[in-house]
Engineer: 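Mind having a look at this structure? Questions to follow.
Excluded from the calculations below are hydrogen atoms, water molecules and symmetry mates; all remaining heavy atoms, backbone and side chain alike, are included.
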Amino acid sequence: MEQNGNYPHRRGKKGGLVTMPFIFANEISEKLAVVGFNTNMISYLTTQLNMPLTKAANTLTNFGGTSSLTPLLGAFISDSFAGKFMTIAAASIIYQIGMISLTVSAVLPQLRPPPCKGEEICKEASAGQLAILYISLLLGAIGSGGIRPCVVAFGADQFDESDPKQTTRTWRYFNWYYFVMGISILVAVTVLVYIQDNVGWGWGLAIPTIAMFISIITFIAGYPLYRNLNPEGSPFTRLIKVAVSAFRKRKLPNEYNSKMLYQNDEVDAPISLGGKLIHSEQFKFLDKAAIVTEEDDMKTPNLWRLSTIHRVEELKSIIRMGPIWASGIILITAYAQQSTFSLQQAKTMDRQLTKSFQIPAGSMSVFTILSMLTTTALYDRVLIRVARRFTGLNRGISFLHRMGIGFVISIYATLVAGFIEMKRKKVAMDHGLTEHSHEIIPISVFWLVPQYSLHGIAEAFMSIGHLEFFYDQAPESMTSTAMALFWTSISLGNYCSTLLVALVHKFTAGPNGSNWLPDNNLNKGKLDYFYWLITLLQFINLIYYLICAKMYTYKQIQVYDKGDNSSEDIQIELGTRV
């Protein structure tokens with residue numbers, strides 16, 4: 001959108017495709033750092049800090065949950081006063097400090113317990129050694145809180161949806177954002193994991209730390225080119241004002257004409273650049289916030305007493321998104337097992353690729369990334385074009401349909417995982433290895449490829465569809481908040497995984513030491529039952545999602561079509577983007 005007197009909060013005509021190399025280069029380096037830390041971290045905790053398996057798994061899922069919860073704080077800071085650029089830059093520096101701290105602890109022997117010898121009981125990390133770990137992870141979580149809700153939305157902000165020439169670029173950006181992110185993850189789960197397992201954790205953590213430093217420099221270097229949108233105040237405060245206004249006027253009669261509800265273009269101008277939300281019939285009790293009474297000043301309204309229709313519809317949009325948001329939690333619970341129990345499965349299996357090369361267990365997620373990349377590319381280049389002929393939508397299928405396909409595939413992923421675990425345990429039993437937790441079972445690790453690959457395909461549909469949903473359906477002034485909601489569902493998914501593991505571990509414990517999820521010997525457990533429990537939860541979640549998707553009402557917006565000549569004549573049309 002061009003800068004003129006009507007849009008003072010735009011800082012010039014910038015953005016567009018020219019900014020993508022800087023943003024994508026930042027994303028490649030940042031994901032190389034983050035995934036380089038997280039993918040193989042279960043091995044670091046169990047082999048370097050000598051943590052029991054369930055404690056290590058829960059430490060990681062708790063860290064993952066916290067890292068995905070802090071984006072709410074980052075979104076608040078970004079949308080309220082700092083803006084996306086400054087929030088990303090500051091958060092990246094905090095993350096860098098946490099990475100340096102963890103790398104130093106991996107290099108200095110005194111910051112880790114002594115290594116295990118043979119079958120003797122390992123000495124766990126001391127309180128001081130664990131403190132360094134937790135502080136490092138906390139700094140990483142805080143840093144993630146600023147990066148995650150802002151970087152995706154910041155990239156999408158570079159395209160002006162009011163420009164007819166850029167109307168299709170935003171949704172294609174999400175596909176290619178995920179594709180570029182996948183490339184960097186692919187390098188992390190192959191090259192970095194190999195270095196961590198075969199060269200040493202010092203270099204294995206130092207390389208992603210250096211990559212993070214490069215990402216900060218690259219991102220800041222692109223500043224003159226970015227299309228920066230000024231923050232317009234806390235979106236949370238605006239939502240609270242609407243709720244307070246509606247509560248104050250709760251006793252007003254319900255009989256009113258919707259055309260008489262309060263509108264003020266001047267008040268809403270900073271938060272409705274792409275068009276104003278129009279009145280919807282849902283949650284009509286909130287409409288009372290926009291009813292004008294004798295006590296209200298329509299020229300200079302007290303927004304704690306009187307809200308515009310646009311602001312009321314902002315709150316309605318967030319409420320409508322809630323049930324769809326919640327449906328993503330169980331999928332993340334299923335996905336979280338790849339970095340914990342699936343990795344432990346891989347460590348017990350034959351990973352020899354050649355006589356001299358063994359696949360690192362942490363690198364098995366390469367199959368998730370490859371399937372995700374392949375699916376994303378096929379979706380963008382083939383499936384969209386085919387689907388357009390049937391749906392008439394530029395994006396092929398709606399994001400709700402895309403998410404539904406991801407849910408179904410994820411169910412198959414955990415169902416298959418249970419049968420593969422049955423096969424793994426049977427081979428262990430046939431060769432008398434059930435009691436030998438450190439022995440390699442003569443079954444190829446490639447038996448795990450189907451479950452890893454199905455998770456990748458599911459992610460290509462579900463996660464990208466989820467991102468599109470939040471960015472498209474959230475009010476335009478709440479894009480960072482929308483991305484925070486995406487990460488919050490991931491957070492709760494990780495916390496649900498922690499809770500589920502803890503409950504299963506507690507209530508399946510037998511008097512003879514048996515357990516579905518044993519700490520020291522996966523061969524004696526019933527991980528297959530655990531996978532099938534998650535499958536059942538996902539099936540119930542799918543039914544819930546289908547009901548929510550069927551009932552969902554897309555937001556409607558008045559689009560100000562400036563046309564190719566960018567004239568000041570405003571043509572208003574009703575639009576529902578899917």
Side-chain angles (χ1 to χ4, degrees), residues 57 61 64 178 323-343 345-346 364-365 367-376 378-379 383 387 397-425 447-469 486 489-501 503-504 516-517 526-552:
T61 50
Y178 236 82
I324 302 293
W325 162 82
S327 67
I329 295 173
I330 295 298
L331 183 133
I332 299 302
T333 301
Y335 191 84
Q337 310 316 315
Q338 285 193 99
S339 59
T340 54
F341 293 109
S342 293
L343 188 145
Q345 286 177 288
M364 286 302 295
S365 56
F367 295 103
T368 301
I369 306 306
L370 284 174
S371 60
M372 185 270 287
L373 291 175
T374 303
T375 304
T376 302
L378 287 174
Y379 183 90
L383 296 179
I397 59 176
S398 73
F399 33 69
L400 291 182
H401 285 112
R402 185 170 186 170
M403 290 166 61
I405 294 171
F407 281 126
V408 172
I409 297 172
S410 182
I411 290 174
Y412 281 109
T414 48
L415 181 66
V416 168
F419 287 108
I420 293 173
E421 172 62 6
M422 285 182 62
K423 173 69 175 179
R424 189 194 69 85
K425 287 197 302 180
W447 276 90
L448 297 178
V449 170
Q451 68 194 62
Y452 276 99
S453 297
L454 285 170
H455 276 299
I457 297 171
E459 184 177 4
F461 282 94
M462 169 58 196
S463 294
I464 300 177
H466 221 184
L467 276 174
E468 290 181 287
F469 169 75
F486 171 78
S489 67
I490 295 177
S491 168
L492 293 179
N494 279 288
Y495 284 134
C496 280
S497 176
T498 299
L499 177 63
L500 189 62
V501 169
L503 291 175
V504 169
W516 282 18
L517 304 174
K526 294 187 182 295
L527 182 59
D528 44 347
Y529 289 7
F530 180 67
Y531 281 138
W532 290 333
L533 174 61
I534 296 177
T535 301
L536 176 61
L537 293 176
Q538 287 196 97
F539 180 77
I540 296 172
N541 185 63
L542 174 63
I543 302 301
Y544 162 80
Y545 171 77
L546 293 175
I547 295 172
C548 294
K550 182 71 174 177
M551 298 175 62
Y552 184 75

Engineer: Near Y412 OH, under 6.0 Å, is it more than 12 heavy atoms from other residues, nucleotides or ligands?
Structural biologist: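 No, because the 6.0 Å sphere around OH of Y412 holds 12 heavy atoms or fewer from other groups.
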
Engineer: For the atom pair NZ (K526) and CG (L533), what is the distance rounded to the nearest 0.5 Å?
Structural biologist: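 Atom-to-atom, K526:NZ and L533:CG are 14.5 Å apart.
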
Engineer: Taking side chain as C-beta onward, heavy atoms only, is I324 less than 4.5 Å from Y545?
Structural biologist: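 Result yes, sub-4.5 Å side-chain heavy-atom pair found.
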
Engineer: Which residues satisfy the side-chain contact (heavy atoms from CB on, under 4.5 Å) test with L499, sequence neighbours excluded?
Structural biologist: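 Result, side-chain contact (heavy atoms from CB on, under 4.5 Å) vs L499: L503.
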
Engineer: Measure from the side-chain N and O atoms of S489 to the backbone N and O of I329, and report whether any donor-acceptor pair falls under 3.5 Å.
Structural biologist: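 No.
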
Engineer: Looking at every non-hydrogen atom in both residues, tell me the closest pair between N541 and S327 and how far apart they are.
Structural biologist: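 In terms of heavy atoms, the two residues are closest at ND2-O, 2.8 Å.
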
Engineer: Begin from the C-alpha positions of I534 and Q538 and carry the test side-chain contact (heavy atoms from CB on, under 4.5 Å) through to its verdict.
Structural biologist: CA-CA 6 Å; I534 296 177; Q538 287 196 97; 4.1 Å; yes

Engineer: Of all the heavy-atom pairs spanning S342 and L448, show the shortest one and how long it is.
Structural biologist: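 Closest pair (atom of S342, atom of L448, distance): O-CD1, 4.0 Å.
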
Engineer: Is it the case that more than 12 heavy atoms not belonging to Y552 sit under 6.0 Å from its OH atom?
Structural biologist: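 Count over threshold, so yes.
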
Engineer: If you round to the nearest 0.5 Å, how far is CG of L536 from CD1 of I411?
Structural biologist: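 CG of L536 is found 9.5 Å from CD1 of I411.
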
Engineer: For residues T368 and S371, report the shortest heavy-atom separation together with the two atoms involved.
Structural biologist: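 Heavy atoms only, the tightest pair is O-OG, 2.9 Å.
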
Engineer: Answer yes or no: is there a side-chain heavy-atom contact under 4.5 Å between L537 and T333?
Structural biologist: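 Not touching, per the 4.5 Å side-chain cut-off.
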
Engineer: Might you work through the side-chain contact (heavy atoms from CB on, under 4.5 Å) test for E421 and F530, ending with a clear yes or no?
Structural biologist: CA-CA 10 Å; E421 172 62 6; F530 180 67; over 6 Å; no

Engineer: Atom CD1 of I547 and atom CG of L542: how far apart are they, to the nearest 0.5 Å?
Structural biologist: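 If we round to the nearest 0.5 Å, I547:CD1 and L542:CG are 10.0 Å apart.
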
Engineer: Donor-acceptor pair, distance only, cut-off 3.5 Å: does the side chain of S453 make one with the backbone of V449?
Structural biologist: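 At least one qualifying donor-acceptor pair exists.
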
Engineer: If the condition is side-chain contact (heavy atoms from CB on, under 4.5 Å), which residues does M422 pass it with, not counting sequence neighbours?
Structural biologist: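 Here the qualifying residues are F419, D528, W532.
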
Engineer: What distance do F407 atom CZ and I330 atom CD1 have between them, rounded to the nearest 0.5 Å?
Structural biologist: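 Between atom CZ of F407 and atom CD1 of I330 there are 9.5 Å.
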
Engineer: Check the surroundings of atom CH2 in W447: do more than 12 heavy atoms from other residues, nucleotides or ligands lie under 6.0 Å from it?
Structural biologist: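 Atom CH2 in W447 is not crowded, with 12 or fewer foreign heavy atoms closer than 6.0 Å.
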
Engineer: Report the distance from atom CG of L383 to atom CD1 of I405, rounding to the nearest 0.5 Å.
Structural biologist: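 It comes to 8.5 Å.
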
Engineer: What are the two closest non-hydrogen atoms of A334 and T414, and how far apart are they?
Structural biologist: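 Minimum heavy-atom contact is CB-CG2, 3.8 Å.
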
Engineer: Measuring only between side-chain heavy atoms, which start at C-beta, is S497 closer than 4.5 Å to F341?
Structural biologist: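 The answer is no; the side chains never approach within 4.5 Å.
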
Engineer: Looking at CG of L400 and SG of C548, how far apart are the two atoms once the value is rounded to the nearest 0.5 Å?
Structural biologist: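 It comes to 10.0 Å.
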
Engineer: Could you check whether any side-chain heavy atom of Q451 comes within less than 4.5 Å of a side-chain heavy atom of Q345, counting everything from C-beta outward?
Structural biologist: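 The answer is yes; the side chains approach within 4.5 Å.
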
Engineer: Given side-chain contact (heavy atoms from CB on, under 4.5 Å), test L415 with F539 step by step and report yes or no.
Structural biologist: CA-CA 10 Å; L415 181 66; F539 180 77; over 6 Å; no

Engineer: Which pairs of donor and acceptor atoms, one on a side chain in residues 454-466, lie under 3.5 Å apart (sequence neighbours left out)?
Structural biologist:
{"residue": "E459", "atom": "OE1", "partner": "Y335", "partner atom": "OH", "Å": "2.9"}
{"residue": "E459", "atom": "OE2", "partner": "Y178", "partner atom": "OH", "Å": "3.2"}

Engineer: A side-chain contact here means heavy atoms from C-beta on lying under 4.5 Å apart; do E468 and M403 qualify?
Structural biologist: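 In short, these two side chains do not touch, never coming nearer than 4.5 Å.
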
Engineer: Which heavy atom of Y544 sits nearest to which heavy atom of A326, and what is that distance?
Structural biologist: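 Nearest heavy atoms, Y544 then A326: OH-CB, 3.8 Å.
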
